[in-house]
**Q** 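One structure, pasted below without further comment.
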Amino acid sequence: MDLLLLDLVIVLAAARLFGALARRLGQPPVIGEIVAGILLGPTLLGPLIGDQLFGPEMRPPLQALANVGLVLFMFVVGLELDQKLVRGKGRIAVTVALGSTVVPFVLGCVLALAVAGEHVGGGRTLPFVLFMGAAMAATAFPVLARILTDRGMQRITLGGLALASAAVIDVLAWTVLAVVVGIAGAGEAEGQWKVLLALPYALVMFLVVKPLLARLVPAYEKAGRLTPGLLSLVLIGLIGSAWATEWMHVHFIFGAFVFGTVMPREGAERLNHEILERLEQLAVLLLLPMFFVVAGLNVNLRELDLSSLGTLAAILAVAIGGKLLGSYAAARTQRLPARQSWTLAALLNTRGLTEIVILTVGLQKGVLDDELYSLMVVMALVTTAMTGPLVRRLYPDRRVARDIADAERAALGVTAAHRVLVIVPEPVAEQAPLVGLATTLALSKAPSSKAPSEVVLGHLRPYPAGRLEVGSGLSSELAELAETLQELETLAATARERGPDGRVVSRFGADVAGELPGLATGARPDLLVLPAGVPGYAGVRDGATCRVVTVTGSPRPFEQAPHLLGRAKPGSEPGPVAVHHGSGDDSAAHVALALATLWGRPLVLTGGNRASALAQRLVRLGVEATSGPVPEGALVVAADTANAPEGAHLLVRAEQDADPVDWTEAVSALRASAAPVTPVTPVTRP
């Protein structure tokens, strides 16, 4: 007894210490708890100390306490499983879940067939193959929920979709595991017929026990609190359900999980909250860490050799590759953008807690040997540890914050406009082509955006050198300001005539170059159209986080491309839109495609093989596009980089954390926009 108590002290202290260390490193505590078990076991302490502290005679009582913790935890998982997650996202969630399950399951079965001869006997090949497939397909729903909650991603669409998909994967994985456990236990004399009781058991739980449990709600409301009697009824039902499935050789975790899912939901929020409050303290703080530490004690990395490293590499390739590729491909079939699809795949690659539970079942049922168990635990640690950093790389905090803000606006019924800010230089009256360009780009907003378009004309006018005085009429300075405002309103009206809303932001500025970056940042645009010659150009460009289209050339913009900007001579033919499309992002090509499509001009791509490949792809989508040198008289677009070509009229810099352009969706969205836009002719002073 004294050694058991000492072991409990060591296990709990190590679990808390390494769990806290893992949390400080940005990892789920379960990783630290498993590592603690591995370090306390034969891997580090070896047979001398390890066997004295955690010898064969001490493993059964420790395992028994760990199993009680697992029963409580699986009940909590079933109780917290939000059955509304799939509603509203059913088709996408089920499709992604199937892709995330089927591909790694099939690859896991193939790998199991390849290594079965070394690890199992001939009579247990089928359960071993199915078990390896199920283990590869699992996703740790609780750990995934914790990762999403830590970053606030449960409040955005992507986080909800990840949880919904993981819930479906959980159902699929547990179903397959139940079949595997049933097959593995079928060889026992009394297990041949008991497994057949699993289906009647499930029917009884959902058709009989669930309505009976609903009576707990009025009893709780009458008492006003969770009484010891009510909690005892729940615990008796929970342990009885776990015993029933274990007696049927379907493993006790299924009984605990099913009992959690049949607990009442409607009107039982406070009851369930109090039950969770009582049981989570015992399960999460005491017994569950013990389960993970005991799981780590069974890992012995000392016995692994070079052949084991090859098997580990194959396991990691199948587990990670199957999950990522299966989830990504399924998400793309549902037309999710590439960035969101990869992020969803990385989230669903989380295994951690659920995987350890599955592996422990396999070890207890004799489906896995000690070597494969150790290798699979390492796989669970690697896939869980890589999730957080990979998701942060794919979906940075700025994207999460932006999505949360959009979700909050949507919840309030506020639709944020797709805003294009154009900085209007002097002379204002001659900037109609510039505003026409901004209006066209506003019409070519992202295909996934359902927000209305808005063009904002930003203009700063320096204070006059002398003192402003108002006599019997307006001073000349104030008269000029009024005239400028009228010219800006005229330009805004031309934008409104073509569809987007047009607004004017204009004021005096003591330091135009110094204040213009603040004006641009305060407008929070989705796209910025910026003439290169405006005062403070560098500050405005560098301070913007959105896509920036720089208009280069003479003070009067577009003099080098008159055909495309409303200055064509009578009888002359309009020229094409050309884009330098080399390495880097696709933003410049996307802008050029928008201008060519909405202005009804041909598109020419130059830049080698990449440009040629994109031209061929656009032709297949029905776009009038070619590849080759820049023709004379073309409006030239290029990426805004250090090696931008000379003579380009528009330089495009991508927004921060830009998504790759989906050309099929982009072409479809442009065609769905208004009819080809006619460039606006300049407004002249009377």
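What's counted below: heavy atoms across the whole structure, side chains too, no hydrogens, waters or symmetry copies. The structure presented is a predicted model; accordingly, all values stated were derived computationally and were not measured.
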**Q** Checking I169 against V96 for the side chain to side chain contact (heavy atoms under 4.5 Å, CB included) test, could you report, in this order, the C-alpha distance in whole Å, the side-chain angles of both residues, the deciding distance, and whether it holds?
**A** CA-CA 9 Å; I169 294 171; V96 173; over 6 Å; no

**Q** Can you find a heavy atom in the side chain of N67 that is under 4.5 Å from one in the side chain of V71?
**A**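 They are not in contact (no side-chain heavy atoms under 4.5 Å apart), so the answer is no.
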
**Q** Can you list the residues that meet the side-chain contact (heavy atoms from CB on, under 4.5 Å) rule with V208, with sequence neighbours excluded?
**A** V204, L212

**Q** Could you pull out all residues at least two apart from N272 that satisfy side chain to side chain donor-acceptor pair (under 3.5 Å)?
**A** none

**Q** Are the side chains of M132 and V318 in contact, using a 4.5 Å heavy-atom criterion?
**A** no

**Q** Is it true that a side-chain atom of S327 and a backbone atom of L324 form a donor plus acceptor pair closer than 3.5 Å?
**A**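 Not confirmed, S327 side chain does not pair with L324 backbone.
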
**Q** Of all the heavy-atom pairs spanning L111 and A314, show the shortest one and how long it is.
**A**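 Taking L111 first and A314 second, the nearest heavy atoms are CD1-CB, 3.8 Å.
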
**Q** Please report the closest heavy-atom contact between P104 and G322, naming both atoms and the distance.
**A**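 For P104 versus G322, the nearest heavy atoms are CD-O, 3.6 Å.
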
**Q** Within the 4.5 Å heavy-atom criterion, are F259 and L79 side-chain neighbours or not?
**A**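 Side chain of F259 against side chain of L79, heavy atoms only: no contact under 4.5 Å found.
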
**Q** Side-chain contact, heavy-atom cut-off 4.5 Å: L375 with M379?
**A** no

**Q** Using side-chain hydrogen bond (donor to acceptor under 3.5 Å, both in side chains) as the criterion, point out the one residue from T139, T383, T350, N349 that pairs with K323.
**A** T139

**Q** Which heavy atom in A112 sits nearest to a heavy atom in V129, and how many Å separate them?
**A**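 Shortest heavy-atom separation between A112 and V129 comes out as CB-CA, 3.7 Å.
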
**Q** Could you work out, with side chain to side chain donor-acceptor pair (under 3.5 Å) as the rule, every residue matching E371, not counting sequence neighbours?
**A** S308

**Q** Side chains of L21 and V35: closer than 4.5 Å at any heavy-atom pair?
**A**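 No, their side chains stay 4.5 Å or more apart.
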
**Q** If the condition is salt bridge (Lys or Arg N to Asp or Glu O under 4.0 Å), which residues does R393 pass it with, not counting sequence neighbours?
**A**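 Not a single residue meets the salt bridge (Lys or Arg N to Asp or Glu O under 4.0 Å) criterion with R393.
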
**Q** Applying side chain to side chain donor-acceptor pair (under 3.5 Å), name anything that partners Y220, two or more places apart in sequence or on another chain.
**A**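 Per chain and number, Y220 pairs via side chain to side chain donor-acceptor pair (under 3.5 Å) with E274.
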
**Q** Can you name the residues that form a ring-ring contact (aromatic ring centres under 6.0 Å, His included) with Y328, not counting sequence neighbours?
**A**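 Listed in chain order: W342.
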
**Q** Using only atom types and a distance under 3.5 Å, with no angle test, would you say the side chain of R332 pairs donor to acceptor with the backbone of L336?
**A**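 Looks like yes, one N/O pair under 3.5 Å.
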
**Q** Could you list the residues that satisfy side chain to side chain donor-acceptor pair (under 3.5 Å) with D397, not counting sequence neighbours?
**A**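 Counting only residues at least two positions away or on another chain, D397 forms a side chain to side chain donor-acceptor pair (under 3.5 Å) with R151.
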
**Q** Heavy atoms, side chains only, cut-off 4.5 Å: are Q340 and R399 in contact?
**A** yes

**Q** Measuring from atom CD1 of I315 to atom CD1 of I320, what distance do you get when rounded to the nearest 0.5 angstrom?
**A**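 Going from the CD1 atom of I315 to the CD1 atom of I320 covers 11.5 Å.
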
**Q** Can you measure from CZ (R265) to NZ (K210) and round to the nearest 0.5 angstrom?
**A**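 Interatomic distance, R265 CZ to K210 NZ, rounded to 0.5 Å: 7.5 Å.
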
**Q** With sequence neighbours excluded, give me every ring pair (Phe, Tyr, Trp, His ring centres under 6.0 Å) pair touching residues 372-392.
**A** none

**Q** What distance do R278 atom CZ and L72 atom CG have between them, rounded to the nearest 0.5 Å?
**A**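 Reported value, rounded in 0.5 Å steps: 14.0 Å.
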
**Q** If you look at every heavy atom in L130 and F105, which pair is closest and at what distance?
**A** O-CE1, 3.8 Å

**Q** CZ of R351 to CG of L359: how many Å apart, nearest 0.5 Å?
**A**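 Rounded to the nearest 0.5 Å, the CZ-CG separation comes out at 10.0 Å.
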
**Q** What's the separation between atom CE in M248 and atom CG in L199, rounded to the nearest 0.5 Å?
**A** 10.5 Å

**Q** Any idea which heavy atoms bring G32 and A22 closest together, and the distance?
**A** N-CB, 3.7 Å

**Q** Heavy-atom distance under 4.5 Å between the side chains of T261 and F75, does that happen here?
**A**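 SC-SC contact between T261 and F75 ruled out.
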
**Q** Let me see the working for E355 and M136 under side chain to side chain contact (heavy atoms under 4.5 Å, CB included), right down to the final yes or no.
**A** CA-CA 8 Å; E355 184 74 15; M136 294 296 184; over 6 Å; no

**Q** In Å, rounded to the nearest 0.5 Å, how long is the span from OG1 of T343 to CZ of R339?
**A**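 One finds 7.0 Å between OG1 of T343 and CZ of R339.
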
**Q** Enumerate donor-acceptor pairs with a distance under 3.5 Å from any side-chain N or O in residues 223-233 to protein atoms, sequence neighbours excluded.
**A**
from	atom 1	to	atom 2	distance (Å)
T227	OG1	L230	N	3.2
S232	OG	P228	O	2.7

**Q** For the side chain of S100 and the backbone of A97, is there at least one donor-acceptor N/O pair under 3.5 Å apart?
**A**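 No, S100 side chain to A97 backbone: no donor-acceptor pair under 3.5 Å.
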
**Q** Determine the minimum heavy-atom distance between Y201 and S241, stating which atoms define it.
**A**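 Minimum heavy-atom contact is OH-OG, 2.6 Å.
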
**Q** Could you go through the side chain to side chain contact (heavy atoms under 4.5 Å, CB included) check for V400 and L158 one step at a time?
**A** CA-CA 10 Å; V400 175; L158 183 62; over 6 Å; no

**Q** Could you pull out all residues at least two apart from L390 that satisfy side-chain contact (heavy atoms from CB on, under 4.5 Å)?
**A**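 If we apply the side-chain contact (heavy atoms from CB on, under 4.5 Å) test to L390, skipping adjacent residues, the hits are A346, M386, L394.
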
**Q** What's the verdict on side chain to side chain contact (heavy atoms under 4.5 Å, CB included) for L8 and L62, showing C-alpha distance, side-chain angles and the deciding distance?
**A** CA-CA 8 Å; L8 289 177; L62 290 174; 4.0 Å; yes

**Q** Please list all pairs passing the side-chain hydrogen bond (donor to acceptor under 3.5 Å, both in side chains) test where one or both residues lie in residues 101-111, with sequence neighbours left out.
**A**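 Sorted result for residues 101-111: empty, none.
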
**Q** Can you pull the ring pair (Phe, Tyr, Trp, His ring centres under 6.0 Å) pairs that have at least one residue in residues 6-32, sequence neighbours excluded?
**A** none

